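Everything on this sheet refers to the single structure shown next.
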Amino acid sequence: ADDCCAVTEHIKAKPAMFDASGLCVEQRFATSADGTRIPYFVIKQKDLAMDESNPVLLDAYGGFEISMLPGYSAGVGAGWLERGGCKVVANIRG
């Protein structure tokens, strides 16, 4: 076959620990003093207004040229995102 991954088979998965169907992940950029664009990710409810009134849980890392990416977390999802908070994962420079 030309595309070896055209058909996939679901083998096994853990049960969902929270409802992630209403969430979205956005990649945004902040600009540092020297003009470098620094990426960060915002994980939030799709309809959540970003008006500075929302609580934010911030994770950041920037060492050894390793970036953090957003991922599934049952604790953050059930304890934070489902209750109206948003999470930011910042890829700061070390």
Side-chain angles (χ1 to χ4, degrees):
D2 291 336
D3 185 359
C4 66
C5 297
V7 178
T8 61
E9 177 184 356
H10 179 78
I11 297 173
K12 194 171 187 179
K14 288 184 174 184
M17 301 303 238
F18 70 97
D19 181 13
S21 63
L23 298 179
C24 69
V25 178
E26 301 170 354
Q27 184 178 24
R28 299 181 180 188
F29 294 87
T31 304
S32 69
D34 67 0
T36 303
R37 289 174 30 121
I38 311 298
Y40 65 96
F41 297 91
V42 178
I43 306 145
K44 65 180 189 71
Q45 295 289 335
K46 290 177 186 173
D47 58 354
L48 186 69
M50 297 300 289
D51 60 5
E52 299 180 10
S53 68
N54 311 99
V56 175
L57 178 62
L58 175 64
D59 275 342
Y61 186 75
F64 308 103
E65 296 183 21
I66 298 172
S67 297
M68 291 177 63
L69 298 174
Y72 183 90
S73 169
V76 171
W80 192 256
L81 299 172
E82 281 189 337
R83 297 178 179 184
C86 64
K87 181 174 179 182
V88 174
V89 179
N91 299 135
I92 60 176
R93 298 185 293 174

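Computed from heavy atoms alone, side chains included, the values below leave out hydrogens, waters and symmetry copies. Computed from a predicted model, the values in this text were never measured in an experiment.
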(message) Tell me whether Leu57 shares a hydrophobic cluster with Leu48, the cluster being built from Ile, Leu, Val, Met, Phe, Trp, Tyr side chains joined at under 4.5 Å.
(response) no
(message) Going by side chain to side chain contact (heavy atoms under 4.5 Å, CB included), name the residues that satisfy it together with Ser32, two or more places apart in sequence or in a different chain.
(response) Asp34, Thr36, Ile38, Arg93
(message) So, taking the atom named CE in Met50 and the one named CZ in Arg28, what distance separates them when rounded to the nearest 0.5 Å?
(response) 5.0 Å
(request) Find the distance between CD (Gln45) and CG (Leu23) and round it off to the nearest 0.5 Å. (result) 5.0 Å
(request) Can you run down the salt bridge (charged side-chain N to carboxylate O under 4.0 Å, His left out) pairs that involve residues 7-18, sequence neighbours left out, and say none if there aren't any? (result) none
(message) Taking side chain to side chain donor-acceptor pair (under 3.5 Å) as the definition, give me every residue that meets it alongside Gln27, ordered by chain and number, with sequence neighbours left out.
(response) none
(message) Can you list everything that forms a side chain to side chain contact (heavy atoms under 4.5 Å, CB included) with Asp51? Sequence neighbours excluded, please.
(response) Ala49, Ser53, Asn54
Sequence neighbours excluded and cut-off under 3.5 Å, please list the side-chain donor-acceptor pairs for residues 77-88, or say none.
from: Trp80; atom 1: NE1; to: Cys86; atom 2: O; distance (Å): 2.9
from: Glu82; atom 1: OE2; to: Asp19; atom 2: N; distance (Å): 3.1
from: Lys87; atom 1: NZ; to: Asp59; atom 2: OD2; distance (Å): 2.9

(request) List, by chain and then residue number, the residues other than Ile11 in its hydrophobic cluster (Ile/Leu/Val/Met/Phe/Trp/Tyr, side-chain heavy atoms under 4.5 Å); write none if there are no others. (result) none
(message) Using the rule that Ile, Leu, Val, Met, Phe, Trp and Tyr join whenever any side-chain heavy atoms are under 4.5 Å apart, tell me whether Val56 and Ile92 fall into a single cluster.
(response) no
(request) Indicate, with yes or no, if Leu58 and Ile43 share a hydrophobic cluster defined by side-chain heavy-atom contacts under 4.5 Å among Ile, Leu, Val, Met, Phe, Trp and Tyr. (result) no
(request) Determine, step by step, whether Phe18 and Val76 satisfy the side-chain contact (heavy atoms from CB on, under 4.5 Å) criterion, reporting the C-alpha distance in whole Å, the side-chain angles of both residues, the deciding distance to 0.1 Å, and the verdict. (result) CA-CA 9 Å; Phe18 70 97; Val76 171; over 6 Å; no
(request) Search all heavy atoms of Met17 against all heavy atoms of Ala74 and return the closest pair with its distance. (result) CB-CB, 3.4 Å
(request) Name all residues meeting the side chain to side chain contact (heavy atoms under 4.5 Å, CB included) criterion together with Ala16; count only those two or more places apart in sequence or in a different chain, and write none if there are none. (result) Tyr72
(request) Mind checking ring-ring contact (aromatic ring centres under 6.0 Å, His included) for Tyr40 and listing every partner two or more places apart, or none if nothing turns up? (result) none
(request) Kindly work out whether a path of hydrophobic side-chain contacts (I/L/V/M/F/W/Y, heavy atoms less than 4.5 Å apart) joins Tyr61 to Val25. (result) yes
